[in-house]
2 protein chains.
Amino acid sequence: MKNYMSILKDNGLKATFQRMHILEVIGMYGHKDVDEIYAEVVKTHPSISLATVYKNILIMSQNNVLVEVPLIGRKAKFEIKKDCHVHLICKECGSIEDEDIDLVDINSLKEVLSNKNFLYSGQELNVYGTCSNCSSIKVS
Amino acid sequence: MKNYMSILKDNGLKATFQRMHILEVIGMYGHKDVDEIYAEVVKTHPSISLATVYKNILIMSQNNVLVEVPLIGRKAKFEIKKDCHVHLICKECGSIEDEDIDLVDINSLKEVLSNKNFLYSGQELNVYGTCSNCSSIKVS
DNA sequence: TTACTTATTAATAAAAATTATTAAAAAGGA
DNA sequence: TCCTTTTTAATAATTTTTATTAATAAGTAA
């Protein structure tokens, strides 16, 4: 609780219970979409509105607290901002796992960016496939 | 025209005018979202319905003709399927440029995948920032 | 070509997702 | 505690996407 409070304040946002609950849910599960977040938060905070969840997710994304993870064929998920990492996304069950490793060839990237005069601000690497769980089930 | 016809047929889809027009628009611009595609296609094919555009984009995505490019804070774009590449996405103007280069460290990726027992099927690398056009304008 | 069979389209309609509005409530600082 | 400002909740309104189905068009084979 204290932790999320300071994250919010450090990023210039008021630490409301709604926001902290939203962050707790996302932190607990890693990646969640708006509906999933609402469904969890409403359990402990029955008066919260879905619009409030939308608005807070937007504000926290704009203020570097959350990061949107757009996905092929699914609703976007949100995660708490953290250092560069890779997403392993299962096309079967939709699970997302973080790998805390930077797989991008930084030198080649820098060259591409400088050739294009492109000012870098962030990246996302998504790897799609089938997780171990789903591939073992699929032996049917 | 001939080209897109064979792409469709090679992937087991009938080559209708609607589909070929959609592919032409995407091919012309590189990346387009559903509304943009509809707006272009309707110019030369006034009777087409938005639902038809949605359905065909879905079918062509499912049949490896198109690839969805989900984006942070924007509607997903679609591109014609091609080899592994990187997207340079401008946060200012929304432009997307392809770089035909594979920046991912393949050996490290293989190691991650084998550790996790994750069956690879595809990847997407998006780099966000400011394109040369927008950064030169922003000297204001 | 023509007739036939099947898949696709267009036009709704319906559902789902997202954003806007505003009075009431809550947060943070004096 | 009081005051000012921001945020919430509860709609309402949009926007986006999907479903339905009769009409149409595509591909196939005679």
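Convention: sequence-line order gives letters A, B, ...; per-chain numbering from 1.
- Taking side-chain N and O atoms only, B:Gln18 has a distance below 4.0 Å to OP1 or OP2 of C:dA10.
- Taking side-chain N and O atoms only, A:Asn56 has no distance below 4.0 Å to OP1 or OP2 of D:dT7.
- Here D:dT8 presents its C1' atom at 14 Å from NE2 of A:His21, a figure rounded to the nearest Å.
- Between A:Lys75 and C:dT18 there is a side-chain polar atom (N or O) within less than 4.0 angstrom of OP1 or OP2.
- Here the side chain of B:Ser47 is nearest to one of D:dT6, C:dA10, D:dG27, namely C:dA10.
- Rounded to a whole Å, the CD atom of A:Glu36 is 12 Å from the P atom of C:dT18.
- Taking only side-chain atoms of B:Lys55, from C-beta outward, the nucleotide of D:dG27, D:dT20, D:dA26 with the closest atom is D:dT20.
- Taking 4.0 angstrom as the limit, A:Thr16 places none of its side-chain polar atoms (N or O) nearer than this to OP1 or OP2 of D:dT7.
- The residues B:Asp33 and B:Arg74 are annotated as not salt-bridged, no charged nitrogen and carboxylate oxygen being separated by less than 4.0 angstrom.
- Of the side-chain N and O atoms in A:Ser49, none sit less than 4.0 angstrom from OP1 or OP2 of D:dA10.
- No donor-acceptor pair under 3.5 Å is formed between the side chain of B:Glu99 and the backbone N or O of B:His85.
- When distances run from any side-chain atom of A:Tyr54 to the nucleotides C:dT19, D:dA26, C:dA27, the shortest one goes to C:dT19.
- Among the protein residues, B:Ile48 comes within range of the sugar-phosphate backbone only, with heavy atoms under 4.0 Å from sugar or phosphate atoms but none that close to a base.
- For the pair B:Phe17 CZ and C:dT9 P, the interatomic distance rounds to 12 Å; values are reported in whole Å.
- For C:dT9, one of the phosphate oxygens OP1 or OP2 lies less than 4.0 angstrom from a side-chain nitrogen or oxygen of B:Arg19.
- A donor atom on one side chain and an acceptor atom on the other are not found under 3.5 Å apart for A:Glu36 and A:Tyr29.
- Atom CD of A:Gln62 is separated from atom C1' of C:dT19 by 13 Å (rounded to the nearest Å).
- Dense packing is recorded around NZ of B:Lys75, with more than 12 heavy atoms of other residues, nucleotides or ligands lying under 6.0 Å away.
- At the phosphate of C:dA10, OP1 or OP2 sits under 4.0 Å from a side-chain N or O atom of B:Thr52.
- If you measure from atom CD1 of A:Ile57 to atom C1' of C:dT19, you get 14 Å, rounded to the nearest angstrom.
- Rounded to an integer number of Å, the gap from A:Lys14 NZ to D:dT5 P is 10 Å.
- Note: CG (B:Leu50) to C1' (C:dA11) measures 12 Å, nearest angstrom.
- Here the P atom of nucleotide C:dG28 and the CG atom of A:Leu13 are 11 Å apart, to the nearest Å.
- Note on B:His45: every side-chain N or O is 4.0 Å or more away from OP1 and OP2 of C:dT9.
- Between the side chain of B:Arg19 and the main chain of B:Lys14, a donor-acceptor pair closer than 3.5 Å is present.
- Using a cut-off of 4.0 Å between Lys/Arg side-chain N and Asp/Glu carboxylate O, B:Lys82 and B:Glu79 are scored as not salt-bridged.
- The listed nucleotides are D:dT7, C:dT12, D:dA9; the one nearest the side chain of B:Ala51 is C:dT12.
- Using a 4.0 Å heavy-atom distance criterion, B:Ile59 is classed as making no nucleic acid contact.
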